[in-house]
4 protein chains.
Amino acid sequence: MRKGLGFSDMLTQKALPATLTQRKEACYHNAMETRKYRELVCELCRHFYTLGWASGTGGGISLKEEGRIYMAPSGVQKERLQPEDIFVLNEEGGIEEAPGGGTQLSQCAPLFMHAYKIRNAGAVLHSHSIHANIVTQLFNKKFRIRGMEMQKGLEGYGAFDILEVPIIENTAQERDLAGSLEQAIRENPKTSAVLVRNHGVYVWGRNWKQAKTQAECYDYLFEAAGRMKQLGIALESE
Amino acid sequence: MRKGLGFSDMLTQKALPATLTQRKEACYHNAMETRKYRELVCELCRHFYTLGWASGTGGGISLKEEGRIYMAPSGVQKERLQPEDIFVLNEEGGIEEAPGGGTQLSQCAPLFMHAYKIRNAGAVLHSHSIHANIVTQLFNKKFRIRGMEMQKGLEGYGAFDILEVPIIENTAQERDLAGSLEQAIRENPKTSAVLVRNHGVYVWGRNWKQAKTQAECYDYLFEAAGRMKQLGIALESE
Amino acid sequence: MRKGLGFSDMLTQKALPATLTQRKEACYHNAMETRKYRELVCELCRHFYTLGWASGTGGGISLKEEGRIYMAPSGVQKERLQPEDIFVLNEEGGIEEAPGGGTQLSQCAPLFMHAYKIRNAGAVLHSHSIHANIVTQLFNKKFRIRGMEMQKGLEGYGAFDILEVPIIENTAQERDLAGSLEQAIRENPKTSAVLVRNHGVYVWGRNWKQAKTQAECYDYLFEAAGRMKQLGIALESE
Amino acid sequence: MRKGLGFSDMLTQKALPATLTQRKEACYHNAMETRKYRELVCELCRHFYTLGWASGTGGGISLKEEGRIYMAPSGVQKERLQPEDIFVLNEEGGIEEAPGGGTQLSQCAPLFMHAYKIRNAGAVLHSHSIHANIVTQLFNKKFRIRGMEMQKGLEGYGAFDILEVPIIENTAQERDLAGSLEQAIRENPKTSAVLVRNHGVYVWGRNWKQAKTQAECYDYLFEAAGRMKQLGIALESE
């Protein structure tokens with residue numbers, strides 16, 4: 001399965017500039033870029049672990065750069081990922097590079113692909129944040145809040161808009177969420193996140209920075225909603 | 001827009017000592033100082049991110065040293081700021097050095113300037129701490145507490161004084177807060193902080209150390225008030 | 001008591017390959033492996049301290065690799081352990097290497113041994129997480145939850161199964177827990193954890209990665225249960 | 001005020017061995033030891049800051065080693081202390097070395113000295129932990145709990161003893177707490193901690209390790225008590 005990172009593999013993968021020197025430079029550029037994005041996935045996963053979004057091997061992030069999608073494997077400690085553990089997919093979701101050793105691609109892959117394809121996302125992350133989990137128990141079909149400054153960090157929202165995030169039901173197998181996630185994305189054209197009951201949240205953005213920023217804003221809003229509920233402060237509910 | 005950090009630019013910016021050697025030394029000193037303060041802004045922003053005050057690109061700090069104001073740009077990840085990302089302003093708020101690349105100055109700039117001008121602050125910070133946000137939902141026009149040791153960390157307060165922090169209403173655009181922030185500062189001559197409803201808090205001090213110390217004391221008091229409310233402990237309320 | 005880590009000690013401890021070169025290589029391999037696992041115990045203890053599982057010298061982890069069990073001493077700061085502080089035991093629990101200096105083996109040792117022997121565990125950890133402690137006060141004989149995604153991180157459980165974790169009563173001396181822990185393990189063949197009232201939890205797994213993953217999943221579920229209870233959300237109770 | 005750390009100063013401070021070589025070695029030893037303990041105070045203060053015990057310049061630790069007491073100055077950021085910022089006192093509380101620059105000794109000094117003198121402590125720490133603060137609002141004259149494993153980390157207590165920690169009233173000036181702290185220490189011969197209403201806690205131990213361990217155990221118990229109260233779980237109260 002492993003295709004490796006050698007120059008010769010890369011030479012076969014895409015149209016190349018005319019001269020040999022140009023070819024070599026392009027390959028070297030690709031290998032450096034690839035390494036950079038693999039390291040970025042690892043760094044962000046470590047960071048999300050410290051935020052409580054990726055404990056127990058849960059959660060993670062994938063990102064699309066220069067037509068290639070970088071994604072973590074299934075069931076591994078996200079805070080200990082190494083660059084060589086990362087899968088590389090093409091824009092259709094086909095595996096281009098795999099870490100080998102029996103490692104499986106994340107079950108999130110088909111879910112991530114919906115955000116890439118339907119929303120033209122540049123990065124998609126999945127968080128098991130306990131704040132996200134808890135709000136799915138406080139709201140029925142949609143999380144709803146308004147009037148919070150942190151809404152401004154979400155594309156298309158101001159502080160005084162009503163923010164809604166659809167909640168889908170969890171499934172026994174994560175891959176089986178793909179259908180209802182797709183439906184939620186299509187039925188809520190303004191959303192950049194989908195909550196999953198008793199599970200967590202999927203968030204995407206134009207690129208990894210926006211995906212991360214939006215995920216932090218959503219998480220803040222979920223936490224705030226939980227605290228408001230505990231304090232008896234009125235929330236926009238269904 | 002970018003003026004850069006070169007010696008020749010600096011030579012044009014201020015009156016200089018007489019000899020060429022003195023001029024060079026002064027410039028070198030300035031470049032080192034500038035670098036130091038840029039790094040300090042970045043370091044403090046990283047720190048505030050770990051405290052939960054600057055998630056989702058929110059929050060931040062600006063500081064005034066040797067007549068120049070160092071300020072972060074708008075809408076960037078505060079925990080990943082680099083020294084070259086920092087704006088430098090003069091005491092009137094005019095941009096002296098800008099990072100270029102289309103980067104915008106923080107929308108907080110006019111708010112920060114009120115604290116610099118009206119209170120002669122040496123540093124101003126803005127926090128999106130969830131504790132600050134929550135207390136604006138528990139109090140009406142002013143947060144009020146008394147009897148807490150941490151009040152001693154606030155200039156002009158002892159543990160047994162009644163501490164009041166004005167709360168202003170949030171606005172759709174952050175810059176539109178400037179008017180009501182100015183009014184709150186003028187109407188509450190003793191305060192070193194202004195809360196913003198469902199948003200966060202602005203805190204200032206004579207220098208960055210005092211601003212940070214006061215911000216930590218306020219945040220502690222906001223958190224304590226939220227916990228006391230949850231436990232049914234009486235709070236000084238409106 | 002101290003047997004040290006010298007090659008000559010190792011030469012006497014197990015059957016060795018035929019030639020002298022092979023012997024030396026095997027010894028060198030053993031010393032490197034031993035060092036690696038000692039460091040791993042220290043690293044994991046530091047990590048668990050940051051998670052709040054090992055404050056006040058409480059908690060810790062032991063792991064079995066290549067027939068040897070690595071275990072921390074009793075009553076030491078777990079976040080400051082050094083490789084030379086670690087005890088090495090054989091599979092029967094007999095001490096093979098001790099740090100000397102009057103250091104005592106952890107009182108958890110007989111409890112850990114039950115998981116090694118009865119469940120063929122590869123690692124066992126003990127956490128004083130406040131979330132674990134609190135759920136023992138919310139449930140009687142068994143912690144019970146269902147429908148949570150994080151249950152999937154526990155061997156033998158899906159998200160929609162009812163998860164049960166037995167709770168045993170605490171004892172004045174930690175070693176006196178061994179009997180009831182053994183009974184709980186035998187009476188609950190599906191469990192990979194045992195809670196101790198007002199104390200914490202023991203968790204094991206096939207190897208240290210699984211033990212850690214499972215401990216993170218349990219801790220998440222304990223925390224979620226506490227929050228749900230505070231929010232008045234129905235829990236599966238006795 | 002500054003006496004510095006030079007060898008000549010040290011030569012005048014204590015009786016010395018007979019030969020010049022011995023003298024030099026003893027001085028070098030003293031300088032190294034002094035440096036080590038100064039660094040330890042800084043390291044522990046940084047650590048306590050991350051635990052939330054020393055925000056807003058509050059809290060801190062002092063320790064006694066080889067007849068000298070190492071103590072932080074007043075009103076400085078505890079997480080940014082440098083070894084040269086530390087005061088060194090003799091066993092009577094007299095200043096032997098001071099950092100100069102107008103720095104004041106911590107107002108905690110007379111309180112720390114009571115624990116050194118009355119209880120022969122080897123280290124005393126002061127925490128502004130919000131958990132300590134909150135329990136002083138839940139209990140009247142004494143914090144009281146029983147049945148918790150973490151009580152075993154406190155000298156003289158088992159898990160099934162009733163643990164009591166006296167609570168004294170706060171004062172406008174921290175130094176004015178010294179009288180009531182002394183009284184609380186004398187009236188509660190078994191305690192190794194005194195809580196201060198709406199303020200925090202003082203904890204001591206035979207050495208810095210025990211003081212830190214006990215402080216972590218107390219903090220855990222204070223946090224647990226707050227959570228239990230929120231969950232409606234019965235607490236031992238007055």
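Here is the naming used below: chain letters follow the sequence lines, and residue numbers restart at 1 for every chain.
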Fill in: Per-residue contact mode, Gln77(A) against chain C (heavy atom under 4.5 angstrom)
side chain
Worksheet, complete the sentence: Bottom line for Gln214(C): the part with an atom under 4.5 Å from chain A's heavy atoms is neither
Discussion item. Counting heavy-atom pairs closer than 4.5 Å to chain C, which one of Arg197(A), Gln173(A), Arg80(A) comes out on top?
Written reply: Arg80(A)
Item to complete: Measure Thr171(A) against the heavy atoms of chain C and call it side chain, backbone, both or neither at under 4.5 Å.
Response: backbone
Practice prompt. Check each atom of Glu174(A) against the heavy atoms of chain C and say whether the ones under 4.5 Å are side chain, backbone, both or neither.
Written response: both
Fill in: Part of Ala224(C) within contact of chain A (heavy atom distance under 4.5 Å)
both
Worksheet item: Quick one: of Gly200(A), Gly56(A), Gly58(A), who has the most non-hydrogen atom pairs under 4.5 Å with chain C?
Response: Gly56(A)
Item to complete: Look at Arg68(C) together with Glu97(C) and state whether they make a salt bridge at an N to O cut-off of under 4.0 Å.
Response: yes
Practice prompt. Could you tell me whether Arg206(C) and Glu155(C) make a salt bridge, using a distance below 4.0 angstrom between a side-chain N and a carboxylate O?
Written response: yes
Item to complete: For the pair Arg46(A) and Glu43(A), find out whether any cationic side-chain nitrogen is under 4.0 Å from an anionic carboxylate oxygen.
Response: no
Worksheet item: For Ser129(A), is it the side chain, the backbone, both, or neither that has a heavy atom closer than 4.5 Å to a heavy atom of chain C?
Response: backbone
Worksheet item: By a 4.5 Å heavy-atom criterion (distance strictly below it), what part of Tyr220(C) contacts chain A: side chain, backbone, both, or neither?
Response: both
Worksheet item: Heavy atoms, side chains only, cut-off 4.5 Å: are Ile185(A) and Val194(A) in contact?
Response: yes
Response to the item:
The interface call for Leu51(C) against chain A, heavy-atom contacts under 4.5 Å, is side chain
Discussion item. For Phe143(A) and Phe139(A), take the angle between the two ring planes, folded into 0 to 90°, and tell me which bin it lands in: parallel under 30, tilted 30 to 60, perpendicular over 60.
Written reply: perpendicular
Fill in: Euclidean distance, Leu111(C) CG relative to Tyr202(C) OH, rounded to 0.5 Å
4.0 Å
Practice prompt. Give me the ring orientation class for His128(C) and His126(C): parallel if the planes are under 30° apart, tilted from 30 to 60°, perpendicular past 60°.
Written response: perpendicular
